[in-house]
Amino acid sequence: MQVILKELTKSFEVILLKNLIENGKKEVFEKIHKNLINQSSKEEFGDYQCNICLVLSKIYKRNPREIAITFVQILKENKKISNLCEDLEIAGPGFINIKLKNNILIEEIKSNLQCPRAGVPLSNKISKSNSKKKVIVDFSSPNIAKEMHVGHLRSTIIGDTISKIFELRGHSVLRLNHIGDWGTQFGMLITQLKDLYSRDLKEIENIKISDLVEFYKASKKRFDNEKEFQKRSREEVVKLQKGDTQSIEAWKLLCNQSRKEFDEIYKTLNITIKERGESFYNPYLKSIIQDLKCKKILIEDQGAKCVFLDGMTNKEGNPLPLIIQKKDGGFNYATTDLAALRYRFNKEPNGDNANRIIYVTDHGQANHFIGVFQVAKKANWIPEDCEVNHVPFGLVQGIDGKKLKTREGDTIRLKDLLSESVKRAKEDLLKRLENESRFESDEFILNTSRVIGIGAVKYADLSQNRITNYQFSFEKMLSLNGNTAPYLLYTLVRISGINRKNNMTEEDINSKSIEYSHDLEWKLIRKLLKFDEVIISIEKDLMPNRLCNYLFELCQTFNRFYDQVPILKEQKEKKISRLSLCALTEKTLKLSLELLGIESLERM
RNA sequence: GGGGCUGUAGCUCAGUAGGAUAGAGCAACGGUUUCCUAAACCGUAGGUCGUGGGUUCGACUCCCUCCAGUCCCGCCA
C-alpha cells in the first residue's frame, strides 16, 4: 500500500501548505511536513493516522481539536482523498484516523495477486532519488585455513537476505566474499607445508591436507614455540609478497583446499557469492599511501604511517591512529579495507562503480569501520550521493549466556551445527509420523527434515534484532510454536492442504466477484497489504528481523482466519474470495521465505 | 582513559520516523476438534521500559548524568 500512502500524503501536504499560507505560517512547512501520515498505532484506529493538528496547535496557539475539525472539513472536500478514504475521524486530543475504502483494499489485493513481487514496487516506481542503484554487499568473509563458525553464519545469512531484498527492489547487487586470503599467517602455513610434505614442493598437485584446521593449529603452535620456524616463516612471507613462483603455488594450494570446504557450506545454505579475497587489492595498496600523502593526511609516527582519527583517543589520551603502513613497510587490514572501498566506488574498468557499500561483520569491528570510513571521507574517496554502511551484529551465545562453544571448549564447526539441526528435525518428524500412524517415503523424510533443520537455524538468526547477542537453542528454533521457521512452514502447509482439496478450476477462481464480510478476513487483508512497507523499511535500515516479525504476525492472522472462517464449504463467491486471500498469503509467504533463504514445503 | 553496543514481564525477545490502554513466544493455569494438517486457535495471570534529570502538548523512543554488562583501542584480521 506504499503507493496509496504516497498518494494520500501528497494530497495531505497540499492541503497543509494551503492551510499554513492562509494562516501566514508558510515558512514552517518544511519543518513539519515530514511523516505527515503514519501507520496507525493500533489496528482499531484505522489504517493510517495524521497527528499534524497537535503540531499546528502550538503554531496557531489554538485548541488542537478545533484545528482538527476545520482541517478535516477541507480534507473531505478533496476528491482524491474522498475516493480513497472511508471516513476521517477525529479522536483523542486531535488525532485524525484514516480508514481506507473497502473497494480500494480489494483492488490492491487483486493487483498484488497478479504482481510477481506480491505488491512490492520497484525502487524507481516510488521516487526518482531512490532509483536503481549498484549496491555492494560485503559478507561472509571466512579466513583461509580456518574453520567457518557461527559468526560467519550470521554474516552469511544476514548478507544474503539483505542482497535479496535489494534485488527484489530492482537494484543491481554485487555480493562480495572478502576472504582472508593474504597476510602474515601464510608464512607459517607455507613453511609447515614444506616441512610436512616435500621441501621443494615438487609434486604439489598431489598434496592433500586431510584437515586444514588441524594443519593451521599445528603450524600456529610451532610458530609460537620454535624460533627457527618463526624465522623461516617470516622469510617465507617476504618471498610470497615478492611473488616467488613456488610460494605462490603453495599459497594457491592452501586457498583451493579451503575454498572446497567453504563451497560445501555455501551449497548447504544455498548461498551465491562472488569470491574476491583481500589479495585482489594488493596492486592498489601502494597508491593508497601515495594518495593519502598527497592529500597531506598521512603522518609518520614511531616509524609507522598513520592517519589520526578525530574524536578518538588511546589509553594515554593521545589521538588514536589508524595504521596504514607498518614500520617494516608491510600493509595491514586497514590498508586493504581502504583500497577495497576506493576500488568499489571507482568507475569501471578500475572499479565497481558502486553507489552503496554494505559491510556485514560482527560488532567487534565497529570501531575499525568508524576509522576506515572517517579516513575515506577525509581522502574524498566516497563520492557524493554514495553511501557506506556497517551492518554490525552481535555474538551467538549458548544457553549459558557465554560465547557458543562445544563441551570441550572448542569453537563449533558450522558443518556440525547444521547437521545437528537436520538430525533433530528428523527425529521430531519421525516421532510425529509414528504418533499419527503416517507413512512417508525416505525421500520425503530426508528432504523435509533438511528444509526444516536448515530453515530453523537461518530463521532463528534472522528473526533476532541483529545488533544484540542472541542465545542459540535448537529446542527453541525447531519448536512448532512461536516465531520459528516450522511455524511459518506449517502455515504454508495448511494453505497447500486447502489447494489440494479444492476442486475449482483456474477459470472459476479468476472470477471478478470478490467480497468480504468477516472481521478476520479484513484483518488478514490489512496485514497482507503491509508487506511492501516492511520490505521498504528494511531496504532503508537493513534490519531483516522486521520481515520475520511481519511474517509471524501474518501467519498468526492467517491461522486465526483459518480457524474460524470456513473456506471450501462455502458457496462459490465466498469461496473464491477466501481462496484469493489464501493465495496471496501463500504468495507473500513463499516470496518472503525465499528472501530469507528458506525453502518452502507443501507437506510436513 | 577514550570509543561502540546493550539494559523492556520469571525466561527469550519485538517495539520504524516521539503519539492514544507498552506487545509476542516460552513457562503456569483454564478452554476449543462431525470442518481445509490441533505442529493450530481462544482466554487468565504477569511491567515504576536500569537510575536521576532535561526537551516536548505528548518520551520505551530524542539530549545529559550516573549504575551494570559486553566488545574494541600502534604495528593480528
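First the proteins, then the strands, lettered A, B, ... as listed; each starts at 1. Below, each value reflects all heavy atoms present in this structure, side chains not excepted, and no hydrogens, waters or symmetry copies. Quick caveat, the model's predicted, so the values are computed rather than measured.
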Enquirer: My understanding is that only residues two or more places apart in sequence, or in another chain, count here; which of them pass side-chain contact (heavy atoms from CB on, under 4.5 Å) with A/Ser279?
Expert: A/Asp181, A/Trp182, A/Trp251, A/Asn282
Enquirer: Measure distances between side-chain N and O atoms of A/Glu553 and base N and O atoms of B/A24, and say whether any donor-acceptor pair falls under 3.5 Å.
Expert: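 Side chain to base: no pair below 3.5 Å.
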Enquirer: If you look at every strand shown and take non-hydrogen atoms under 4.0 Å, does A/Asn35 touch a base, only sugar-phosphate, or nothing?
Expert: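 The residue A/Asn35 makes base contact.
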Enquirer: Could you check whether A/Glu586 pairs with A/Lys590 (Lys NZ or Arg NE/NH1/NH2 to Asp/Glu carboxylate O, under 4.0 Å)?
Expert: yes
Enquirer: Got a sec, which residues hit side-chain contact (heavy atoms from CB on, under 4.5 Å) with A/Met312, two or more places apart in sequence or on another chain?
Expert: A/Leu309, A/Leu320, A/Ile370
Enquirer: Determine which pairs satisfy side-chain hydrogen bond (donor to acceptor under 3.5 Å, both in side chains) with at least one residue from residues 317-339 of chain A, sequence neighbours left out, and list them in order.
Expert: A/Asn332-A/Thr335, A/Asp337-A/His368
Enquirer: How does RNA chain B look in dot-bracket form if you count Watson-Crick and G-U pairs under 3.5 Å, write [ ] for pairs that cross, and put | where a base pairs with another strand?
Expert: (((((((..((((.....[...)))).(((((.......))))).....(.(((..]....))).))))))))....
Enquirer: Looking at every strand, decide which applies to A/Asn97 at a 4.0 Å heavy-atom threshold: base, sugar-phosphate, or nothing.
Expert: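 Touches a base.
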Enquirer: Would you call A/Phe45 stacked on B/A20, i.e. ring centres under 5.5 Å apart with the planes less than 30° off parallel?
Expert: yes
Enquirer: What does the B/S/- profile of nucleotides 26-38 of chain B look like, 5' to 3', with a 4.0 Å heavy-atom cutoff to protein?
Expert: S---------BBS
Enquirer: How does protein contact run along nucleotides 70-77 of chain B, one letter per nucleotide 5' to 3', with B for base contact, S for sugar-phosphate only, - for none, heavy atoms under 4.0 Å?
Expert: -SBSBBSB
Enquirer: Would you mind telling me which of B/A14, B/A17, B/C41 lies closest to the side-chain atoms of A/Tyr487?
Expert: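 When the side chain of A/Tyr487 is considered, B/C41 is the closest of B/A14, B/A17, B/C41.
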Enquirer: Quick one: side chains of residues 87-98 of chain A, donor-acceptor pairs under 3.5 Å with protein atoms, not counting sequence neighbours, listed by atom name and distance.
Expert:
none

Enquirer: Sequence neighbours left out, what passes side-chain contact (heavy atoms from CB on, under 4.5 Å) with A/Arg466? Give chain and number order.
Expert: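 side-chain contact (heavy atoms from CB on, under 4.5 Å) check on A/Arg466 returns A/Arg154, A/Ile158, A/Val391, A/Pro392, A/Phe393, A/Leu542, A/Met543.
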Enquirer: Report the residues that fulfil ring pair (Phe, Tyr, Trp, His ring centres under 6.0 Å) with A/Phe474, sequence neighbours left out, ordered by chain and then residue number.
Expert: A/Phe472
Enquirer: List in chain and number order the residues that pass side-chain contact (heavy atoms from CB on, under 4.5 Å) with A/Val238, two or more places apart in sequence or in another chain; answer none if no residue qualifies.
Expert: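 In terms of side-chain contact (heavy atoms from CB on, under 4.5 Å), with neighbours along the sequence ignored, A/Val238 is linked to A/Lys242.
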Enquirer: Could you tell me whether A/Asn545 contacts a base, only the sugar-phosphate backbone, or nothing, with contacts defined as non-hydrogen atoms closer than 4.0 Å?
Expert: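 Sugar-phosphate contact only - A/Asn545 comes under 4.0 Å of backbone atoms but never of a base.
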Enquirer: Do A/Asp519 and A/Lys523 sit within salt-bridge range, that is, some charged N less than 4.0 Å from a carboxylate O?
Expert: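 Looking at A/Lys523 together with A/Asp519, the answer is yes, because their closest N to O distance falls below 4.0 Å.
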Enquirer: With a 4.0 Å limit, can you tell me whether A/Arg560 has a side-chain N or O closer than that to the phosphate oxygens OP1/OP2 of B/C42?
Expert: yes
Enquirer: Listing time: all N or O pairs from protein to nucleotides 54-59 of chain B that are below 3.5 Å?
Expert:
from  : atom 1 : to      : atom 2 : distance (Å)
B/C57 : OP1    : A/Lys58 : NZ     : 3.2

Enquirer: Mind checking what makes ring pair (Phe, Tyr, Trp, His ring centres under 6.0 Å) contact with A/Tyr487, not counting sequence neighbours?
Expert: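 Checked A/Tyr487 against ring pair (Phe, Tyr, Trp, His ring centres under 6.0 Å); matches are A/Phe552.
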Enquirer: Please check the phosphate of B/G19 (OP1 and OP2 only) for any side-chain N or O of A/Lys42 closer than 4.0 Å.
Expert: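 It does not, given that no N or O in the side chain of A/Lys42 lies less than 4.0 Å from OP1 or OP2 of B/G19.
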Enquirer: Mind checking the OG1-CZ spacing from A/Thr191 to A/Arg234? Nearest 0.5 Å is all I need.
Expert: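 Here the rounded value is 11.0 Å.
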Enquirer: Describe the nucleic acid contact of A/Thr468 in one word from base, sugar-phosphate, nothing, applying a heavy-atom distance below 4.0 Å.
Expert: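 If one applies the 4.0 Å heavy-atom cut-off, A/Thr468 turns out to touch the sugar-phosphate alone, with no base involved.
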Enquirer: So, A/Ser40 side chain and A/Glu43 main chain: donor-acceptor pair closer than 3.5 Å or not?
Expert: no
Enquirer: Identify the two heavy atoms, one from A/Asp532 and one from A/Pro121, that lie closest to each other, and give their separation to 0.1 Å.
Expert: CB-CD, 3.8 Å
Enquirer: So, A/Arg603 and A/Glu440, do they make that salt bridge, N to O below 4.0 Å?
Expert: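 Judged by the 4.0 Å cut-off on N to carboxylate O distance, A/Arg603 and A/Glu440 do form a salt bridge.
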Enquirer: Counting only side-chain nitrogens and oxygens, does A/Gln556 get under 4.0 Å of the OP1 or OP2 atom of B/G25?
Expert: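 Yes, such a contact exists.
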